[in-house]
Number of protein chains: 2
Amino acid sequence: MSVVHTYSDNEKILVSIDCIIFGFDQNQLNLLLFKRKIDPFKGEWSLVGSFVNPEEDVQNAAVRVLQEYTGIDEIFMEPLAWYGDVDRDPGGRVISMAYYSLVRIDESKVIKADSYQAKWFAIDEIPPLILDHDQMVQDALDKLRRKARYEPIGFELLPEKFTLPHLKRFYDAIYQKDLDRRNFRKKIISMGILTKLDEKDKSTSKKGAYLYQFDADKYEELRSKGFNFVI
Amino acid sequence: MSVVHTYSDNEKILVSIDCIIFGFDQNQLNLLLFKRKIDPFKGEWSLVGSFVNPEEDVQNAAVRVLQEYTGIDEIFMEPLAWYGDVDRDPGGRVISMAYYSLVRIDESKVIKADSYQAKWFAIDEIPPLILDHDQMVQDALDKLRRKARYEPIGFELLPEKFTLPHLKRFYDAIYQKDLDRRNFRKKIISMGILTKLDEKDKSTSKKGAYLYQFDADKYEELRSKGFNFVI
DNA sequence: TCAAAAGTGTTCAAGTTACACCCATGT
DNA sequence: ACATGGGTGTAACTTGAACACTTTTGA
């Protein structure tokens, strides 16, 4: 009994990955969508995805797709969920694994928007998507909201240098409410994971707001001592 | 261009599910393991699993396996993660999706322990497992610990009727520390999701401890009003 | 000079932690 | 009668929520 043939009685299935790509501009959470290039549903709005090759790790398929479509090398990406119902795709039996990823819109200019007909959509203006992609987006949003509370992943969506009002607008968007400016400041500053810079950003006010940077090393150091990020 | 043949250029892959089955006795978190019946690694300790049939939903494959091996119909089960590296299984390219599930040990007597050589292992006495099953167990443990804090899933592991000391022992085991008896009581009782019964359980003390039941309806009602379970 | 956003401190309520003694009962 | 685990209350502390005024500067 050869090992190689051990599993040969079992039937194989098509496997794909889909990527939910979030961005954040000054006020709004955004989602990157593409016009589908293959049938069925050719020309309709869709997440980006790809079939998984038998010779590549599932995760590599996602990295490959994200690089190809956003042009970004080091992209924040996490597994979300799989979608495995028999009839989820009228094109055939396909099990899809979804990754959500967070990108800085300002770094992703390299997206081949023209050739792929890619477009950023504000989160409350997303058009109907193919298959169960609406569900995937909803699941990704839920996960992002939950995760943003307990881990400093919001910084993945902001520019390297950001102002506290900008950061607050991110949490306002995530929570769909207006946090108290003073309490927010107090809390985030007291964590000691931000570095205040001497520069100001004047793009949203005359007075200008100080720029800050997220200190990932400091965060790791604190975390190893039991610190928990919570907003 | 027929829809059915749209995806036919792409290669299929073997897909399986694996189940991490947790139980809890009086003091210990336990894991149900089985001796593997097929090569490679025949006879070694393993999670239960199965290949996914092209005609069944992924989730149904997990339900099928859990029913078959534990004899329990309505089992608590949630998706955990997928494991998709090319070389994770020397028997062939197999992508596995793992579900973790919580069972009441007292309800699972029907497990066909003899024919399957199944055995409950205390969580700190788990033997080496095949493939990446050790990793799966670790991931499931992490998820269970995180989840047990914010959702009342601990009750899935306890008998229908349980004492507060018993419940506390569950959280002690999860957190690996000794919570304060009085504060624990105060907190869990004040949530208003437990029903106190008139019976006592004397199996662990002479005085006996009152039995309680989890009130799922009440919990749902409170949750819809914004209540958050946190221990 | 004024409109618009940025920055700052204090008070109060609520929740969490720490902690010590009595109760019931089987042996 | 005593050892063992079960049950209860209170005070100190920490954390989160609410809230108003001053500063800067471009137009």
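We use all heavy atoms of the structure for the numbers below, so side chains are in, but hydrogens, waters and symmetry mates are not. A note on names: the letters A, B, ... follow the listed sequences, proteins ahead of strands, and every chain is numbered from 1. No experiment lies behind these values; they were computed from the predicted model shown.
Put simply, CG on L179(A) is 15 Å from P on dC19(D), counting in whole angstrom units. Between the CD1 atom of I188(A) and the P atom of dA6(C) there is a distance of 16 Å, rounded to whole Å. When rounded to the nearest whole Å, the span between CZ of R181(B) and C1' of dA18(C) equals 13 Å. Rounded to whole angstrom, the span from the CZ atom of F184(A) across to the P atom of dA17(D) amounts to 13 Å. Going from atom CG of D178(A) over to atom P of dA18(D) covers 12 Å, rounded to whole Å. Rounded to an integer number of Å, the gap from CZ of R182(B) to C1' of dG15(C) is 17 Å. When the P atom of dT16(C) is taken as reference, atom CZ of R185(B) falls 18 Å away, rounded to whole Å. Between the CG atom of L167(B) and the C1' atom of dG7(D) there is a distance of 16 Å, rounded to whole Å.
Under the 3.5 Å distance criterion, with hydrogens and angles disregarded, no donor-acceptor pair is assigned to the side chains of Y212(A) and D201(A).
Aromatic pair W82(B)/Y99(B): ring centres not closer than 6.0 Å. Ring centroids of F155(B) and F24(B) are separated by 6.0 Å or more, keeping the two rings apart.
Across dA6(C), dT17(C), dG26(D), the shortest atom-to-atom separation from the side chain of K202(A) is found for dG26(D). Comparing dG5(D), dG7(C), dT8(D) by their nearest atom to the side chain of K207(B) picks out dG5(D).
At a threshold of 4.0 angstrom between heavy atoms, the contacts of K186(B) include nucleobase atoms, whether or not backbone atoms are also involved. Looking at heavy-atom distances under 4.0 Å, T163(B) makes no contact with the nucleic acid at all.
Heavy-atom distances to DNA chain D give each of K200(B) and V230(A) a nearest nucleotide, and the one nearer the 5′ end belongs to K200(B). Mapping D180(A) and K187(A) onto DNA chain D via the closest heavy atom, the residue that lands nearer the 5' end is K187(A). Mapping N183(B) and R169(A) onto DNA chain C via the closest heavy atom, the residue that lands nearer the 5' end is R169(A).
Salt-bridge annotation for K218(B) and E221(B): absent, with no side-chain N of the basic residue lying under 4.0 Å from a carboxylate O of the acidic one. Salt bridge annotation for E44(A)-K35(A): absent, with no cationic side-chain nitrogen under 4.0 angstrom from a carboxylate oxygen.
For dT4(D), its base never sits under 3.5 Å from the side chain of K206(B) at any donor and acceptor pair.
Distances shorter than 4.0 Å separate some side-chain N or O of T204(A) from OP1 or OP2 on dA6(C).
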